[in-house]
Amino acid sequence: MNPTLLPTVSRREFVRHAALAGAALALPRLSRAADAPPPGRKLGIALAGLGGYATGQLLPALQQTQNCKLVGVVTRDPAGKGKRWAQGAGAGFPEKNIYTLETMHQMADNPDIDIVYVVTPNGLHAEYAILAAMAGKHVISEKPMACTVAECDAMIRACESMKRTLSIGYRLHYDPYNLKLMSLGQDPDFGPFTSMHGDDSWFMGNEQWRMQHKLSGGGPLMDVGIYVVHGAIMAAHAYPIAITAIERPKARPDFFKTVEEGIEWTMEFPGGVTAKCTSSYNENFNRFHAEGPKGWVDMPSAFGYNGLQMNTSKGPVIFPTVNQQALHMDAIARAILDGAPSPVPGDIGRHDMVIIEAIYKSAQLGGKRVELDYTV
Ligand code: NAD
């Protein structure tokens, strides 16, 4: 395995490298406090979609960011929610910075807004992201990047054509435990890892867009299983070459009519390395385990906002709590201010979508091995 570090390459270069190396990976860089912006220059972020994640995580994080700040919103409820956010959220913002899907094109005339952060249901990411790019704004899209590879391509094309950066909401690129996992994968006392196991599952009890395929693109795999996909890629320092998957039988078929309730898949990496993974809406787990020839790492809590845990064959690892979302948004804003490529570019999200499509394809084919081709 010869992993290639490609945090700043264009899509064309990336595809070429991936084809050559078979194992190319865009790796994260940790935001540093020393990366302070020039005095007085904070980029303006408009949040599109004011639901649980925007309200519970991004809004408080935007009160800690150094390189960006909340300056607007896109909402289906401009007169109610929009005005409440303008008056109360953080330091507040002018009501002219409240937009709807229908008025987003008018952002082109609003210099307050530099970045639109799309936090809507998955099935709407592409539409909002493309509208934002066409209005001349940089884009951050929450995970999963979109519901299909074709949508990812349309988002990448829109941002490239408008010369705007496209970033993905992979907050774990700014989590010290996940970064440690990555570094242990390259530490000769542990890695390269040969065998990995991961599970990200939660018990879904309430009716919502996540169980409507049109808005979610799929069940727990799209929602949280993507963290296991991405965690294995980070730990392996490579992209998988093949997938096998099976959908679990449904315990609540009337509840999960159009999406899977649970799914199991194996990612096969170059050199015979494997990751056996699970994601379900019927139990509560959030864990990852990796083993190499000389050592192991176990994360009983692997993918949350905080409270992560790590044990290794050399003892426990403990980091101070960080605000993943603040570090993530600051790193993206810093890159834009510096004229640098995104540290979490759309290519990474597209690669994960290629893998997710292959997982669903294998499950539909009853567990048949599906080889991955990232170039199409
Ligand atoms: P949510 O249901 O709490 O919020 C969704 C928001 O989108 C709501 O404000 C809703 O009004 C709005 N919306 C706009 N158009 C809509 C439509 N047609 N139907 C339904 N809602 C519509 O969801 P959430 O948990 O905030 O998730 C939003 C996005 O953020 C998803 O893509 C999800 O995967 C992602 N997310 C990421 C993380 C993370 O840790 N990175 C965590 C949670 C959610």
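Heavy atoms only: backbone and side chains are in, while hydrogens, waters and symmetry mates are out. One-based numbering, in listed order, for ligands and for the atoms of each.
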**Q** Please name the residue in the list Asn97, Thr55, Asp77 that meets the side chain to side chain contact (heavy atoms under 4.5 Å, CB included) test with Trp85.
**A** Thr55
**Q** What is the closest protein heavy atom to atom 26 (O) of ligand 1, and at what distance does it sit?
**A** Tyr53 N, 2.9 Å
**Q** Using non-hydrogen atoms of the residue, decide whether Lys81 is closer than 4.0 angstrom to ligand 1.
**A** yes
**Q** Is Asp153 salt-bridged to Arg350, cutoff N-O under 4.0 Å?
**A** yes
**Q** Take a 6.0 Å sphere around NZ of Lys69 and say whether it holds more than 12 heavy atoms from other residues, nucleotides or ligands.
**A** no
**Q** Against the six-membered ring of Phe285, is Arg287 placed for a cation-pi contact (under 6.0 Å from the centre, within 45° of the normal)?
**A** yes
**Q** So Arg248 and Glu260, side chain to side chain contact (heavy atoms under 4.5 Å, CB included) or not? Walk me through it.
**A** CA-CA 8 Å; Arg248 285 181 169 174; Glu260 83 279 3; over 6 Å; no
**Q** Checking Trp202 now: which residues fulfil side chain to side chain donor-acceptor pair (under 3.5 Å) with it, not counting sequence neighbours?
**A** Asp223
**Q** Can you tell me if His125 has a non-hydrogen atom under 4.0 Å from ligand 1?
**A** yes
**Q** Need the ligand 1 atom indices (1-based, order shown) with element for anything under 4.0 Å from a heavy-atom of Gly169.
**A** 41 (N)
**Q** Between Trp209 and ligand 1, which residue portion shows a heavy-atom distance shorter than 4.0 Å: side chain, backbone, both, or neither?
**A** side chain
**Q** Looking at ligand 1, is there an atom of it that comes within less than 4.0 Å of some heavy atom belonging to Phe303?
**A** no
**Q** Select one of side chain, backbone, both or neither to describe which atoms of His328 lie under 4.0 Å from any atom of ligand 1, heavy atoms only.
**A** neither
**Q** Heavy atom under 4.0 Å from ligand 1: found in Glu127's side chain, backbone, both, or neither?
**A** neither
**Q** Report, in ascending order of atom number, the atoms of ligand 1 lying under 4.0 Å from any heavy atom of Leu50.
**A** 9 (O)
**Q** When you compare the side chains of Glu127 and His125, does any donor N or O come within less than 3.5 Å of an acceptor on the partner?
**A** no
**Q** Compute the shortest N/O to N/O distance between Gly51 and ligand 1 and return yes if it is under 3.5 Å, no if not.
**A** yes
**Q** Examine the side chains of Gln325 and Tyr53 and answer whether a donor and an acceptor come within less than 3.5 Å of each other.
**A** yes
**Q** Take atom NZ in Lys214; do more than 12 heavy atoms of anything else shown fall under 6.0 Å from it?
**A** no
**Q** Output, in order, the C-alpha distance, side-chain angles, deciding distance and verdict of side chain to side chain contact (heavy atoms under 4.5 Å, CB included) for Tyr227 and Asn286.
**A** CA-CA 9 Å; Tyr227 288 116; Asn286 145 31; over 6 Å; no
**Q** Can you list the atoms of ligand 1 that are under 4.0 Å from a heavy atom of Tyr305?
**A** 40 (O), 42 (C), 43 (C)
**Q** Is Leu215 in polar range of ligand 1, meaning some N or O pair under 3.5 Å apart?
**A** no
**Q** For ligand 1, which is the ligand I care about here, please tell me if Pro144 has any N or O atom under 3.5 Å from one of the ligand's N or O atoms.
**A** no
**Q** Going by the order shown, which atoms of ligand 1 are within less than 4.0 Å of some heavy atom of Val119?
**A** 28 (C), 29 (C), 30 (O)
**Q** Is any N or O atom of Thr120, backbone or side chain, closer than 3.5 Å to an N or O atom of ligand 1?
**A** yes
**Q** Mind checking what makes side chain to side chain donor-acceptor pair (under 3.5 Å) contact with Glu357, not counting sequence neighbours?
**A** none
**Q** Check whether any side-chain N or O of Thr103 sits under 3.5 Å from a backbone N or O of Thr100 as a donor-acceptor pair, and report yes or no.
**A** yes
**Q** Is there a donor-acceptor contact under 3.5 Å linking the side chains of Asn282 and Glu261?
**A** yes
**Q** Would you mind finding which of Ser141, Pro121, Gly52 brings a heavy atom closest to atom 20 (C) of ligand 1?
**A** Pro121
**Q** Using a 4.0 Å heavy-atom threshold (strictly under), name the region of Tyr170 that reaches ligand 1: side chain, backbone, both or neither.
**A** neither
**Q** Nearest heavy atom to atom 25 (O) of ligand 1: which of Arg76, Lys143, Arg210, Glu142 does it belong to?
**A** Arg210
**Q** Can you list the atoms of ligand 1 that are under 4.0 Å from a heavy atom of Tyr227?
**A** 38 (C), 39 (C), 40 (O), 41 (N)
**Q** Counting heavy atoms only, which part of Leu124 comes closer than 4.0 Å to ligand 1: side chain, backbone, both or neither?
**A** side chain
**Q** Would you check the N or O atoms of Arg171, main chain and side chain alike, for any that come under 3.5 Å of an N or O of ligand 1?
**A** yes
